[in-house]
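Numbering of ligands and ligand atoms starts at 1, following listing order.
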Amino acid sequence: MADSPVVLLGVTGGIAAYKAAELLRGLQKAGMEVRVIMTNAATQFVTTMTFETLSGFPVRRDAVNELRADSRITHVEDSREADIMVIAPATANTIAKMANGIADNLLTSMCLAFNKTVVVAPAMNTNMWEHPATQHNVAVLRDRGVFVVEPGAGELACGVYGSGRMADPDSIVAEVKLRLQVQRKRDLRGLRVLITAGGTREPIDSVRFIGNRSSGKMGFALARAAFDRGAEVELIEANVDMPAVPGVRQIMTPTAGEMHAEVMKRLANTDILLMAAAVADYRVAEGPAGGKIGKGRDEWSIGLEATTDILCDVAAHHEGQFIVGFAAEYGLEGLDRARAKMEHKQLDMIIFNDISRADIGFDSDFNEVRILTRDSEVLVERAPKETIAEIILDNIAQAVRARRGETMLPA
Ligand code: CTP
């Protein structure tokens, strides 16, 4: 990365495009060099001249014209030079195209060619923002690792009061600074991190299973964040419906038994284990029946047997690895249970989350956790799972450093 980080600022066609000028200034004040790409619709709201004058660089807009002008493949070359891409304002239309991989203008082509951090600041009318299609597209982008700066509520240009107003430029600058800091951190370089994610499913027959509601989002956010910080990451996943994480080796383990085997196989070559998966505590005692069990009975009892507790087995075999468990507990009274689990399973850290709350946790993009160690407790207030992942890794990196008596992790 160059001394001054290079930001590609994508401006799309919404009234908030005028605020992108203030954002550009804010990014420059924070020490970044900004190159602007506008969609044709954006140029209806603000002229290219505004951004050219402020940024000191030509504004890029249409792929065909660009190719004629300097005969370079702009969307590939510019994306190589930049450290981060910010799309602000991002219209519902551009968000939909990004979610579907459509590349019908220079900006959306760049989105496909760009393989580093992307930050999106949506701005649109409240109904468009709340529409299930937009919410779905935003969720797809988040799952793919795009950072979304949520729009705020206020009076919109269309006269109504509601959410959809682009986040204020200062908070977008703050998000970009945070993401660049993370890119530069590389504080897990040289460390091998093993992460489990998702929820195991224990088959009853060929059709049915005993499962749980874990989506895998927290584990995937941790995997992405650990990779960005320089770790060598392996992700053991159970039934997760999310796009692959670039740079991370993924191993599918649908059941608790398979997950157990894959974790134990890798334990000796692991420095940090994060057991974020919801592992079934029981499976069908006599093994799953082949085919499909028919009904034709008034009652049905299924005998269950305990699965191996992976963390307990890890505790019996590990040699100095840093071991992190997760405790999904109902209500704050679960904190003591989480601490007891940390003792019992000989964990270095346990991440507590309260599953009695509907606004965080299962299937949500948000979480609120308490990071517990033997001698500390850190509350991480409700935030996107990506932010929670960063803070968990900050705490782990610090604890690993302290254990090694190092001020810096190995280069
Ligand atoms: N875990 C595990 N192996 C299992 C079950 C759980 O390693 N067979 C791990 C989870 O990945 C998580 C932690 O243990 O990191 C959760 O602890 P656990 O005691 O299983 O929690 P619950 O089942 O939610 O709690 P309890 O049964 O005590 O109510």
Side-chain angles (χ1 to χ4, degrees), residues 193-203 209-223 226 233-240 250-267 270 272-285 304-318 321-357 360-363 367 369-374 380 385 388-389 392-393 395-396 399:
V193 178
L194 183 62
I195 300 171
T196 65
T200 63
R201 290 178 182 174
E202 306 308 315
F209 57 81
I210 302 170
N212 62 68
R213 287 180 52 202
S214 176
S215 62
K217 288 183 184 200
M218 195 63 239
F220 269 56
L222 284 162
V233 184
E234 287 193 304
L235 181 57
I236 301 188
E237 59 181 269
N239 311 298
V240 179
Q250 291 173 244
I251 303 112
M252 315 288 165
T253 57
T255 64
E258 287 159 298
M259 184 172 277
H260 176 223
E262 292 297 336
V263 169
M264 297 316 288
K265 215 190 276 177
R266 289 173 170 73
L267 187 61
T270 294
I272 300 167
L273 169 66
L274 288 127
M275 276 294 297
V279 188
D281 293 322
Y282 294 92
R283 68 170 152 246
V284 175
L304 301 178
E305 66 183 11
T307 57
T308 307
D309 190 299
I310 303 173
L311 281 176
C312 286
D313 201 21
V314 165
H317 291 99
H318 81 291
Q321 290 91 338
F322 193 86
I323 311 290
V324 184
F326 286 70
E329 298 285 350
Y330 203 87
L332 271 181
E333 3 5 308
L335 263 174
D336 286 341
R337 277 165 46 82
R339 286 202 173 279
K341 252 173 224 179
M342 177 160 58
E343 281 303 317
H344 171 65
K345 300 194 180 198
Q346 296 175 40
L347 306 175
D348 297 293
M349 181 180 283
I350 193 157
I351 313 299
F352 164 89
N353 77 302
D354 179 357
I355 53 173
S356 70
R357 284 179 51 178
I360 52 170
F362 290 128
D363 264 337
N367 213 346
V369 302
R370 279 164 205 264
I371 302 172
L372 311 178
T373 63
R374 303 286 158 108
V380 189
K385 285 183 174 170
I388 303 274
I392 291 175
L393 293 178
N395 280 270
I396 293 175

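Between the side chains of S214 and N212, no donor-acceptor pair is found at a separation under 3.5 Å.
Nearest-residue assignment for atom 11 (O) of ligand 1 (options A197, G334, G325, A277; heavy-atom criterion): A277. Relative to atom 6 (C) of ligand 1, the option among V279, I351, N212 with the closest non-hydrogen atom is V279.
Residue-level proximity to ligand 1 for C312 is absent, since no heavy atom of it falls below 4.0 angstrom. Under 4.0 angstrom from ligand 1, there are no non-hydrogen atoms of E329. Of the heavy atoms in R337, only side-chain atoms (C-beta onward) come closer than 4.0 Å to ligand 1. Within the 4.0 Å heavy-atom criterion, the part of T308 lying near ligand 1 is the backbone and not the side chain. Contacts between I310 and ligand 1, counted as non-hydrogen atom pairs separated by less than 4.0 Å, involve both the backbone and the side chain.
Near D281, meaning under 4.0 Å from any of its heavy atoms, are these atoms of ligand 1: 5 (C), 20 (O), 23 (O), 27 (O). Atoms of ligand 1 found under 4.0 Å from any heavy atom of L311, numbered from 1 in the order shown, are 2 (C), 7 (O), 9 (C), 13 (C), 14 (O), 15 (O). Atoms of ligand 1 lying under 4.0 Å from any heavy atom of T307, numbered from 1 in the order shown and given with element: 8 (N).
Remark: minimum distance from atom 22 (P) of ligand 1 to any protein heavy atom is reached at K341 NZ, 3.5 Å. The shortest contact between atom 12 (C) of ligand 1 and any protein heavy atom is with F326 O, 3.1 Å.
Checking only distances, M275 does come within under 3.5 Å of ligand 1, N or O to N or O.
At least one heavy atom of K345 sits less than 4.0 Å from an atom of ligand 1. The closest approach between a heavy atom of A280 and any atom of ligand 1 is below 4.0 Å.
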Working for side chain to side chain contact (heavy atoms under 4.5 Å, CB included), residues M259 and V279
CA-CA 8 Å; M259 184 172 277; V279 188; 4.0 Å; yes
Go through it in stages, so that I can follow the logic: the residues are R374 and E343, the test is side chain to side chain contact (heavy atoms under 4.5 Å, CB included), and I'd like the CA-CA distance, side-chain angles, deciding distance and then a yes or no.
CA-CA 8 Å; R374 303 286 158 108; E343 281 303 317; 3.6 Å; yes
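Atom NE2 in H318 sits 12.0 Å away from atom OG1 in T270 (nearest 0.5 Å). The distance from the CE atom of M264 to the NE2 atom of H317 is 5.5 Å, given to the nearest 0.5 Å. For the atom pair CD1 (I351) and CZ (F326), the distance works out to 5.0 Å, reported to the nearest 0.5 Å. Rounded to the nearest 0.5 Å, atoms CG (N367) and CD1 (I392) are 7.5 Å apart.
Inter-residue side-chain proximity for R266 and I236 is flagged as met; some heavy-atom pair is nearer than 4.5 Å.
Of all the heavy atoms in C312 and K345, the pair that sits closest is SG-CG, 4.1 Å.
Residues satisfying the side chain to side chain contact (heavy atoms under 4.5 Å, CB included) test with R370, not counting sequence neighbours, are L332, L335, F352, L372, E377, L379.
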